[in-house]
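From a predicted model like this one, the values you see are computed outputs, not experimental measurements. To find a chain, count down the sequence lines: A is the first, B the second, and so on, and within it residues start at 1.
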2 protein chains.
Amino acid sequence: MLERDRRKPGSWATTPAKRRRILDAALSCFDERGIAATTIDDICAAAGLHVGSIYHHFAGKDDIFETLARDAMGDYLAGVVDALAGGRSSPDSIRRLVAFHVRWVEQRPALTRLMLSWEETERDRPSGREHYVQYSEAIGAWLRREARAGRIRRMEPDLYSTLLMGPLMEHARQRSAGLTSASPQTMQRGLAAGLRRVLLSGGDG
Amino acid sequence: MLERDRRKPGSWATTPAKRRRILDAALSCFDERGIAATTIDDICAAAGLHVGSIYHHFAGKDDIFETLARDAMGDYLAGVVDALAGGRSSPDSIRRLVAFHVRWVEQRPALTRLMLSWEETERDRPSGREHYVQYSEAIGAWLRREARAGRIRRMEPDLYSTLLMGPLMEHARQRSAGLTSASPQTMQRGLAAGLRRVLLSGGDG
DNA sequence: GGCTTTTTAGAATCCGGTTCTTGAACTATA
DNA sequence: TATAGTTCAAGAACCGGATTCTAAAAAGCC
């Protein structure tokens with residue numbers, strides 16, 4: 001029934017490549033049908049493999065999802081940290097952060113969706129908090145340093161992540177749901193301006 | 001196997017009450033086990049009914065979930081609109097909005113979780129955008145009015161929701177995951193201050 | 001009290017994820 | 001190049017949970 005791509009003997013891919021192929025297949029399924037709606041069979045068909053093989057490489061659907069999501073999150077976080085660290089001043093770091101974020105979201109819609117969904121599902125699990133903590137840590141170091149130097153408004157640590165991540169994640173959500181009519185450039189400028197006003201010292205208390 | 005609460009003949013509840021009982025049962029299950037993990041049987045046990053009866057009142061698990069989530073969202077939105085409309089000035093409206101939000105999240109952890117999860121799952125569905133649009137509309141009217149009067153910084157409409165909803169929803173997420181150590185009062189003050197800086201006119205462009 | 005409609009019980013069904021068994025392909029070693 | 005051990009693929013079997021279906025009890029109505 002399913003059109004499977006049976007290879008002739010002798011052309012067996014090496015393990016990491018096969019793993020990759022499953023992940024890629026899953027990613028495109030997740031992206032086009034939604035995460036809950038894709039079945040293992042869908043992934044089988046897309047990867048040209050049978051259930052057994054998939055379960056040989058992964059513990060299950062969740063494992064595949066988590067692997068993809070974890071990678072996506074890791075990639076995003078690395079970019080965030082780089083952007084912040086690479087700025088030559090606080091405003092510059094903020095500009096770079098927002099520029100990176102908007103570009104990432106624009107260029108990786110599937111990964112964006114994955115990252116956002118993960119956020120949701122992870123919360124219920126034992127390991128749930130992990131990513132959140134990771135995110136906070138990633139930004140925390142930079143924020144603490146800048147705040148200590150007086151370049152960034154001093155406030156309750158919890159507020160930093162709320163006020164920084166909030167707009168960024170909300171933007172990602174809107175964008176991945178196709179709800180923004182404004183251009184990426186406009187959003188980028190607006191987000192940067194907003195974050196500057198919230199974070200940088202000066203003005204009313 | 002399941003301990004069902006069989007009522008004696010003659011004590012049958014009226015329809016809306018029965019519906020309510022199912023919803024309440026489901027809400028507590030969702031809350032204590034997580035949404036994905038609660039089975040229909042769990043809800044049956046909690047409501048003291050059998051599958052058949054539940055399917056008589058609702059189309060399925062999703063229907064129950066959506067009903068609860070829609071109600072939660074409706075309640076929240078109504079409060080938001082009230083808060084904004086009731087302020088005697090823009091800063092006052094913002095203060096009221098944040099105060100309402102923080103209180104709501106504190107007092108209704110189960111509904112908060114539901115609302116946030118709905119956001120996630122809804123995106124994939126045909127009717128997906130609906131709630132988002134609803135949210136934007138709810139705040140949109142107030143924002144447009146204030147902006148036209150010059151009391152609120154003029155910006156791309158999409159940015160309003162990003163910059164307003166972003167921090168609030170992020171706060172709700174953190175809170176419902178038990179990740180804030182700061183007191184509600186602190187968060188409330190901080191959020192209000194942040195939103196004021198972003199939204200109110202004046203200062204750098 | 002008999003008739004219709006609503007609600008319930010619970011068995012039957014269906015669907016999708018996971019497990020298990022078998023065998024084929026690869027690897028290393030002699 | 002046979003051989004033992006290991007990894008990978010196939011696909012049937014299994015299992016749990018959502019949904020559907022049928023019959024019967026309760027409620028409403030005359």
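Between D/dA10, D/dT19, C/dG17, one nucleotide has an atom nearer to the side chain of B/Lys61 than all others, and that is D/dT19. Here the nucleotide nearest the side chain of B/Tyr55, chosen from C/dT8, D/dT20, C/dT18, is D/dT20. Of the candidate nucleotides C/dT18, D/dA18, D/dT20, D/dT20 has the atom nearest to the side chain of B/Val51. When distances run from any side-chain atom of A/His56 to the nucleotides D/dC8, C/dG17, C/dT8, the shortest one goes to D/dC8. When each of C/dT19, D/dC8, C/dT8 is scored by its nearest atom to the side-chain atoms of A/Lys18, the top-ranked nucleotide is D/dC8. Checked against D/dA10, C/dG10, C/dT19, the side chain of B/His50 finds its nearest nucleotide in C/dG10.
Between the NE2 atom of A/His57 and the P atom of C/dT19 there is a distance of 16 Å, given to the nearest Å. In this structure, A/Asp42 atom CG and C/dT18 atom C1' are separated by 16 Å, rounded to whole Å. Between the CZ atom of B/Arg21 and the C1' atom of C/dT8 there is a distance of 12 Å, given to the nearest Å. Between the P atom of D/dG17 and the CD1 atom of B/Ile35 lies a distance of 18 Å, rounded to the nearest Å. Rounding to whole angstrom units, CG of residue A/Asp41 and P of D/dA12 are separated by 12 Å. Atom CD1 in B/Ile64 sits about 12 Å away from atom C1' in D/dT19, given to the nearest Å. Taking atom CD1 of B/Ile40 as the reference point, atom C1' of C/dA11 lies 17 Å away to the nearest angstrom. Atoms CG (B/Asp63) and P (D/dT20) sit 12 Å apart, rounded to a whole Å.
Contacts of A/Arg151 classified as side chain to side chain contact (heavy atoms under 4.5 Å, CB included), with partners at least two apart in sequence or in another chain: A/Ser90, A/Glu146, A/Ala149.
For the pair A/Arg95 and A/Asp92, the minimum side-chain heavy-atom distance is below 4.5 Å. Put simply, the side chain of B/Leu111 does not reach to within 4.5 Å of the side chain of B/Asp71, judged on heavy atoms.
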For residues 76-87 of chain B, dump all side-chain donor-acceptor pairs below 3.5 Å to protein atoms at least two apart in sequence or in another chain.
from: B/Tyr76; atom 1: OH; to: B/His101; atom 2: ND1; distance (Å): 2.8
from: B/Tyr76; atom 1: OH; to: B/Tyr135; atom 2: OH; distance (Å): 3.4

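Looking at B/Asp75, its side chain never comes within 3.5 Å of a backbone N or O of B/Ala72 through a donor-acceptor pair.
For B/Ser53, a side-chain nitrogen or oxygen approaches OP1 or OP2 of C/dA9 to under 4.0 Å.
Mapping A/Gly52 and B/Ile54 onto DNA chain C by nearest heavy atom places B/Ile54 at the nucleotide closer to the 5' end.
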